[in-house]
Amino acid sequence: MSDRPRFGTINSVIAIIDYNAGNLTSVKLALEYIGVDSEITSDPERILKAQRVIFPGVGAAGSAMANLQAMGLVETVKSVVANGTPFLGICLGMQIALEASEEDGGTACIGLIPGNVKRFVPSIPVCKIPQIGWNTVQIAWPHPLFEGIDDSSEFYFVHSYYPCASSDSYVMGETAYNGVRFASAIGKANLFAVQFHPERSGRIGLRMLQNFSKWVPLC
Amino acid sequence: MLKRIIPCLDVRNRKVTKGVKFRDNVDLGDPIEMAIAYSEGGCDELVFYDITASAERRPIDIDMVRKVAKVIHIPFAVGGGIETIDDMYRVLEAGAEKVSVNSLAVKKPAIIAEGARQFGSQCIVLGMDPVKSDNPEFSSGYEITTRGFREFTGMDALEWAKRAEDLGVGEIVVNSVDADGTREGFEVQLTRLISTNVGIPVVASGGAGTPQHLVDVFNEGAADAAIVASMVHSGDYTIKQIKDELAAAGIDVRRNW
C-alpha cells in the first residue's frame with residue numbers, strides 16, 4: 001500500500017486513514033466520483049493536516065486496534081477529533097471509535113464516543129450472521145449528513161457486531177436486525193460515524209459523502 | 001433485511017456472454033456499460049465471472065475490475081481465475097467488494113481460510129456448481145463440479161457448503177448446473193437445503209426466468225439473495241419490474257436508488 005500516489009505539498013481535502021484494516025479503494029473511488037480530492041495515508045502528519053478525515057475499516061476489532069497502536073495512530077485519531085476536524089467513521093472505524101468491543105474476547109477501543117460494541121446473538125426467527133446486504137436507516141436526528149436523504153433510506157451493511165451508544169443523544173440513525181434495534185449512525189460534535197458503507201450504498205451513499213465533504217460542524 | 005437481486009455478468013474477451021447449462025454462449029454487450037445500466041436500474045449488487053479464465057488457466061482481467069469500480073458504487077463480486085492470495089488482493093484492491101472462489105476452493109480449501117483471515121470473511125464468496133446425482137454416495141443428491149462443469153469432484157454439495165462455512169467464507173452462491181440458463185426456475189429445494197443448514201447468507205443462482213421464480217426461491221428456498229442473468233439480459237424484465245412483483249408478494253426489497 002506504500003506505493004500509492006501522493007499529492008505533493010498540497011494538503012488533500014480528505015485523508016482516508018490506512019491502518020491495514022481492509023480495502024480503502026472503494027471509499028477513494030466514491031469520493032473521486034463526486035469530485036472530492038482525497039488520499040489514502042497512514043502518515044500522522046498528513047492526517048493531522050487534512051481538512052477532513054475518514055476513518056474506514058473492515059475486519060476484526062482486536063487486530064485493528066493492534067495495528068493502530070503499532071502505527072502510532074491512536075493518538076493521531078484522538079487529536080484529529082479533539083481539534084474539531086470533521087471526522088467520519090465507517091463500519092469498523094465506527095465500532096472502534098466507541099469505548100470497547102466484545103470482539104476478540106473483549107477489545108479496548110479508542111473511546112471517542114461513550115458506548116460499546118456487541119455481538120449479534122443467533123435468534124429465532126433465524127437471521128444470517130454476518131448481516132450482509134441492504135437495510136433501512138431510521139433517522140433519529142436530522143443531522144447535516146442526512147441532508148437530502150429520506151427517512152428509512154436503504155444502505156449497505158456488512159457486520160457481525162453492532163454499536164450501542166451509552167446515551168440516546170448520540171444516536172443519529174437506527175436500524176433493526178436480528179431482533180435488535182441498534183445505532184447505525186452516531187454523532188457527537190465534529191464526529192459522525194456509520195455502521196453501513198456509504199461508499200457502497202449507491203446514489204444515497206454518495207449523497208452522504210457529499211454532505212460530509214461540505215459539513216461545517218457547529219463546535 | 002432486504003432480499004438482494006444480483007445480475008450476473010459472465011465475461012469472455014471483455015464481452016458479457018450467456019450460455020445454457022454452461023454451453024453455447026452468445027455475446028450480449030460491454031460489461032462496463034451493462035454494469036452502469038443495472039446499477040442505475042436498481043440492482044443491489046453485481047457479480048462478474050471471467051468465465052474462461054479458469055479453463056484457460058490465466059489470471060483475471062484486473063483492468064476491467066478497475067473500470068467497473070470507478071463507475072458503480074454498489075457492491076460487486078468478481079470470480080474466475082483466482083489462483084492465489086495475491087490474486088484476491090489484486091481484485092479487492094482494484095475496488096471489488098468480494099472475490100468469488102470456486103474451482104480454487106475445491107483444489108486448495110486452505111486458501112479460503114487464509115483469504116478470510118487476511119481480508120475478512122465478508123470478502124470471500126464460495127461459488128459452487130452442484131449437479132444432480134443418483135449416486136447414493138451424495139446424501140444431498142447433488143455432486144459438486146468445477147472448472148465450468150468440466151470436472152466432477154466426488155464431493156457432496158451440502159457437506160462442501162458446511163465445510164466452506166467452517167473454513168470462513170462469508171457467503172455461498174449455489175449455482176445449479178441443471179437449471180443454469182434454462183429460465184425455468186431456481187432449484188428451490190437445493191437452495192433451501194443449503195440455506196437452512198448454514199448460518200451465512202446463501203445466494204440462489206441458475207434458472208431465473210420470471211419474477212415468480214424469485215418469489216419462490218425467497219419464500220420457499222430461504223435464499224438471502226438471487227442471481228438473475230438471461231431474464232434481464234434479454235430485456236424481458238427490468239430490475240424494477242422484478243422488484244415491483246416481489247414487493248407485491250410481500251417480500252422486502254430495496255425500493256429507492
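Note on naming: letters A, B, ... go to the chains in the order of the sequence lines (proteins, then strands), and numbering restarts at 1 for each one.
A 6.0 Å sphere centred on CG of A:Asp168 holds no more than 12 heavy atoms belonging to other residues, nucleotides or ligands. With a 6.0 Å radius and a threshold of 12 heavy atoms from other residues, nucleotides or ligands, B:Gln212 has its CD atom above the threshold.
In this structure, B:Leu92 CG and A:Ser26 OG are separated by 10.0 Å, a value rounded to the nearest 0.5 Å. Atom-to-atom distance recorded for B:Asn256:CG and A:Ile149:CD1 is 11.5 Å, nearest 0.5 angstrom. Atom CG of B:Asp252 is separated from atom CD of A:Glu154 by 9.5 Å, given to the nearest 0.5 angstrom. In this structure, B:Glu93 CD and A:Thr25 OG1 are separated by 4.5 Å, a value rounded to the nearest 0.5 Å. Between the NE2 atom of B:His73 and the CG atom of A:Leu31 there is a distance of 10.0 Å, given to the nearest 0.5 Å. Summarising the geometry, atom CD belonging to B:Glu45 is positioned 4.5 Å from atom OH belonging to A:Tyr156; distances are rounded to the nearest 0.5 Å.
Between B:Asp44 and A:Trp134, the shortest heavy-atom distance links the atoms O-NE1, 2.8 Å. Smallest separation of non-hydrogen atoms from A:Lys128 and B:Val198: CE-O, 3.8 Å. A:Pro130 and B:Ile200 get closest at one heavy-atom pair: CD-CG2, 4.5 Å.
Interface remark: B:Thr196 contributes no atoms to any contact with chain A (heavy atom separation under 4.5 Å). Interface residue B:Ala96: only backbone heavy atoms are found under 4.5 Å from chain A. At a 4.5 Å heavy-atom cutoff, the contact between B:Arg254 and chain A is made by backbone and side-chain atoms alike. Residue B:Asp224 touches chain A through its side chain alone, counting heavy-atom pairs closer than 4.5 Å. Looking at A:Ile132, the atoms closer than 4.5 Å to chain B (heavy atoms on both sides) sit in the backbone and in the side chain alike. Heavy atoms closer than 4.5 Å to chain A are found in the side chain of B:Glu171, but not in its backbone. In this structure, the portion of A:Glu199 lying under 4.5 Å from any heavy atom of chain B is its backbone and not its side chain. Interface residue B:Arg255: backbone and side-chain heavy atoms are both found under 4.5 Å from chain A.
Between chain A and the options B:Ser121, B:Ser39, B:Ala94, B:Pro201, heavy-atom pairs under 4.5 Å are most frequent for B:Pro201. With respect to chain A, the highest number of heavy-atom pairs below 4.5 Å among B:Gln122, B:Glu97, B:Lys3 belongs to B:Glu97. Of the residues considered (B:Cys123, B:Pro75, B:Gly199), B:Pro75 shows the highest number of contacts with chain A, using heavy-atom pairs under 4.5 Å. Of the listed residues (B:Ile72, B:Val202, B:Leu2), the greatest number of heavy-atom pairs within a distance under 4.5 Å of chain A belongs to B:Leu2. Your options are A:Pro198, A:Gly202, A:Ser152, A:Ala21, and the one with the most heavy-atom pairs under 4.5 Å with chain B is A:Gly202. Among the candidates B:Ala225, B:Gly120, B:Gly170, B:Ser195, the residue making the largest number of heavy-atom pairs closer than 4.5 Å to chain A is B:Ser195.
A donor-acceptor distance shorter than 3.5 angstrom exists from the side chain of A:Arg203 to the backbone of B:Trp257, with no hydrogens or angles considered.
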**Q.** Steps toward side-chain contact (heavy atoms from CB on, under 4.5 Å) verdict (B:Met1, A:Asn178)
**A.** CA-CA 9 Å; B:Met1 191 69 180; A:Asn178 194 50; over 6 Å; no
